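Heads up, the thing below is written out as structure tokens.
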Amino acid sequence: MNLVYADSDGKVYDHPEYVALGRSGDMVVEIMEDELIPLPEGATLVSLPSTRPVYMDAATGEMKALDASFQAVGALLPQGFTRLLLPGYVKNDRSAVLPLFGYTAVVWKDDGFYVAARLSDDPYRWNPVNCDPELLEREVALRLERYPENRLYKHLSKCALEYECLTASNTFLNRWEGAVPVSYSCNAGCFGCISEQPEDSGFVAPQTRMNFKPALEEIVQVMLEQLTSPDSIISFGQGCEGEPSTQAALIIPAIREVRRITDQGYININTNAGLTDFIRGIVDAGLDMMRVSTISALEEHYNAYYKPRGYKLQNVEKSLKYASDQGVLTSINYLVFPGVTDREEEIEAMLGFARRTGLKLIQLRNLNIDPEAYLKLIPAPQGDVLGMKQMIEIFRQELPDVAIGSYSHTPGGLQSKMAMEKS
């Protein structure tokens with residue numbers, strides 16, 4: 001497993017006498033053969049600025065770092081793949097902050113790149129190569145021509161064409177899961193928010209948050225255009241907006257109006273679920289699916305990252321349980337990080353959370369964050385770190401009625417996934 005590294009011009013090299021290492025939290029660790037898979041289609045290799053790669057000398061077994069003229073290399077994985085280890089590196093400048101990406105350990109092996117990851121879901125629908133850019137441009141132009149006054153379509157056109165957001169792209173391609181953002185405000189101050197960062201955070205938000213309140217008619221138009229097949233999904237709550245449930249006064253009548261016109265497809269909300277009363281209203285209006293974002297079932301850890309305003313983790317749990325009890329397909333968008341999510345105390349807390357709320361799907365999402373900044377923010381470990389692979393196996397064994405995946409599934413799709421996992 002050769003070390004992979006980059007020079008200052010971004011050229012990537014491997015070294016046959018240097019063994020690649022990974023990181024679990026703040027620990028540099030060896031990479032096991034069974035933790036590696038070939039670099040997936042749609043993955044991207046990136047250099048980590050202000051870092052030096054750490055490796056093990058094959059001749060001596062000594063752990064060393066390359067000099068400062070070289071940079072560590074990581075892989076950014078497409079949807080459907082769960083990172084098992086971070087790249088092995090040390091920072092040249094401890095104050096330097098890495099961009100908000102989910103860096104995965106990468107090695108050169110058997111004449112190809114491999115990554116420390118595992119397949120958690122079918123990657124086809126969320127593989128960027130399956131989005132034809134020429135077709136997308138044509139469909140965006142047609143939709144804007146059809147709805148020239150709809151500000152949501154104008155906003156989503158930038159998300160699709162400039163940010164290459166696949167959910168926004170689906171909205172114009174009229175397939176799979178589409179987006180209907182509604183909120184410019186939020187009730188949380190997430191440390192790694194991708195659409196809004198304080199000026200002194202050190203991070204640069206990679207997206208621009210929407211800055212207007214859409215009209216009911218605009219929302220309904222987007223929803224009806226998407227919900228034209230039995231398996232189509234339209235989702236409130238995107239990376240380019242705040243917390244959608246803060247706009248419950250818009251979402252509730254929009255759902256009711258759409259369901260008055262059509263019973264096709266599924267209406268989903270991606271939410272932090274902190275505003276329990278608003279979530280109840282949205283559920284009662286006819287919500288079909290709900291995905292709740294979380295990073296931990298431990299309150300101290302959750303609060304450190306989400307910085308909730310006016311709600312607690314208990315509210316999140318109440319919202320999930322209410323939705324589950326009403327027949328909504330509930331899942332969590334679980335932001336995972338090697339060396340943290342796989343701690344004993346984190347696993348135990350999440351098992352209890354899943355059982356109490358009745359959720360049906362755990363969507364493993366690689367946390368996009370600077371590792372040092374994140375580790376400095378959250379509580380210190382209380383128990384052993386079991387490893388990401390063992391964590392997933394524990395979830396499978398202890399939660400037999402909960403699917404483990406990477407993205408939202410319709411009820412039928414979830415049943416098929418569970419059947420395949422058990423066969």
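From a predicted model like this one, the values you see are computed outputs, not experimental measurements.
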Salt bridge between K389 and D34, side-chain N to carboxylate O under 4.0 Å? yes
Taking the side chain from R343 and the backbone from G387, do they hold a donor-acceptor pair closer than 3.5 Å? no
Six-ring centre of Y89, R23 cation under 6.0 angstrom, axis tolerance 45°: yes
Mind checking whether Y305 and F191 have parallel, tilted or perpendicular rings, split at 30° and 60°? perpendicular
With distance as the sole test, does S319 use its side chain to make a donor-acceptor pair with the main-chain N or O of A273 at under 3.5 Å? yes
Do I295 and F337 come close enough that some side-chain heavy atom pair is under 4.5 Å? no
Do P308 and N187 have side chains that get closer than 4.5 Å, going by heavy atoms? no
Audit row: R259, D288, salt bridge (charged side-chain N to carboxylate O under 4.0 Å, His left out) steps and yes/no: CA-CA 11 Å; R259 283 302 178 225; D288 301 300; 2.9 Å; yes
Would you check, one step at a time, whether the test side-chain contact (heavy atoms from CB on, under 4.5 Å) holds for I392 with L364? CA-CA 10 Å; I392 293 171; L364 301 174; 3.9 Å; yes
Go through S232 and Q226 one step at a time and tell me if the side-chain hydrogen bond (donor to acceptor under 3.5 Å, both in side chains) criterion holds. CA-CA 7 Å; S232 57; Q226 182 70 14; 5.7 Å; no
Are V258 and L227 side-chain neighbours, meaning at least one heavy-atom pair lies under 4.5 Å? yes
Check: E345 side chain, G383 main-chain N or O, donor-acceptor pair, under 3.5 Å: yes
Are E33 and K109 within salt-bridge range, i.e. N to O under 4.0 Å? yes
Heavy-atom donor-acceptor pair, D342 side chain to M391 backbone, under 3.5 Å: no
Only one of R175, E177, R125 passes side-chain hydrogen bond (donor to acceptor under 3.5 Å, both in side chains) with N170; say which it is. R175
I'd like to know if D401 pairs up with R355 as an ion pair, taking the criterion as any Lys NZ or Arg NE/NH1/NH2 lying under 4.0 Å from an Asp or Glu carboxylate oxygen. no
Atom pair CD1/CD1 of I255 and I234 - distance to nearest 0.5 Å: 11.0 Å
Just so I know, are the side chains of L45 and L39 near enough to count as touching, which here means a heavy-atom distance under 4.5 Å? yes
I need the minimum non-hydrogen distance between R83 and N366, along with the two atoms involved. N-OD1, 2.9 Å
Start with the C-alpha gap between M290 and L329, add the side-chain angles, then the distance that decides, and say whether side-chain contact (heavy atoms from CB on, under 4.5 Å) holds. CA-CA 6 Å; M290 183 168 81; L329 193 162; over 6 Å; no
Main-chain N/O of S296 paired to E299 side chain as donor or acceptor, under 3.5 Å: no
Side chain of Q382, backbone of A380: donor and acceptor closer than 3.5 Å? yes
Could you label the plane-to-plane angle of the Y124 and W176 rings as parallel, tilted or perpendicular, counting under 30° as parallel and over 60° as perpendicular? perpendicular
Output, in order, the C-alpha distance, side-chain angles, deciding distance and verdict of side-chain contact (heavy atoms from CB on, under 4.5 Å) for Y114 and W108. CA-CA 6 Å; Y114 281 69; W108 181 263; over 6 Å; no
What pair of heavy atoms forms the shortest contact from P123 to L119, and how long is it? CD-CD1, 3.9 Å
E372 vs R94 side-chain heavy atoms within contact, under 4.5 Å: no
Of all heavy-atom pairs linking V402 and L359, the shortest is CG2-O, 3.5 Å
Scanning both residues in full, the closest heavy-atom pair of I31 with G22 reads CG1-N, 3.6 Å
Is any side-chain heavy atom of L386 closer than 4.5 Å to a side-chain heavy atom of E344? yes
Over 12 foreign heavy atoms within 6.0 Å of CD, E217: no
Test item: side-chain donor near acceptor, D93 and S95, under 3.5 Å: yes
Using a cut-off of 6.0 Å, state whether more than 12 heavy atoms not belonging to F353 lie near its atom CZ. yes
For the pair K213 and E241, find out whether any cationic side-chain nitrogen is under 4.0 Å from an anionic carboxylate oxygen. no
Count the heavy atoms of every other residue, nucleotide or ligand shown that sit under 6.0 Å from NZ of K321, and state whether that count exceeds 12. no
Closest non-hydrogen atom pair, A65 against R52: CB-NH1, 4.2 Å
Has E218 got a side-chain atom pairing as donor or acceptor with A215's backbone, closer than 3.5 angstrom? yes
Would you call the rings of Y374 and H301 parallel, tilted or perpendicular if under 30° counts as parallel and over 60° as perpendicular? tilted
Are any side-chain N or O atoms of Q363 and backbone N or O atoms of S293, one a donor and one an acceptor, separated by less than 3.5 Å? no
Checking the side chain of N150 only, and the main-chain atoms of Y153 only, is there a donor and an acceptor separated by less than 3.5 Å? yes
If you count heavy atoms of other groups shown closer than 6.0 angstrom to CD of E41, is the number above 12? no
Would you say that F113 contacts V4 through its side chain, given a criterion of any heavy-atom pair below 4.5 Å between the two side chains? yes
Side chains of S245 and E243 only: does a donor on one sit below 3.5 Å from an acceptor on the other? yes
Whether over 12 other heavy atoms sit under 6.0 Å from Q314 CD: yes
Can you name the side chain to side chain contact (heavy atoms under 4.5 Å, CB included) partners of L142, sequence neighbours left out? E139, E145
CD (E30) with more than 12 external heavy atoms under 6.0 Å: no
Angle between ring planes, Y407 versus H409, binned at 30° and 60°: parallel, tilted or perpendicular? parallel
Start with the C-alpha gap between S406 and T82, add the side-chain angles, then the distance that decides, and say whether side-chain contact (heavy atoms from CB on, under 4.5 Å) holds. CA-CA 8 Å; S406 289; T82 300; 4.2 Å; yes
With a cut-off of 6.0 Å (strictly less than), are more than 12 heavy atoms of other residues, nucleotides or ligands near NZ of K312? no
Paired with I369, the side chain to side chain contact (heavy atoms under 4.5 Å, CB included) test is passed by just one of V97, L100, L375, namely L100
Student check: side-chain heavy atoms of K376 and D26 closer than 4.5 Å: no
All heavy atoms of I233 vs all of M289, minimum pair found to be CD1-CE, 4.1 Å
Keeping the roles fixed (side chain from R118, backbone from I37), state whether a donor-acceptor pair exists under 3.5 Å. no
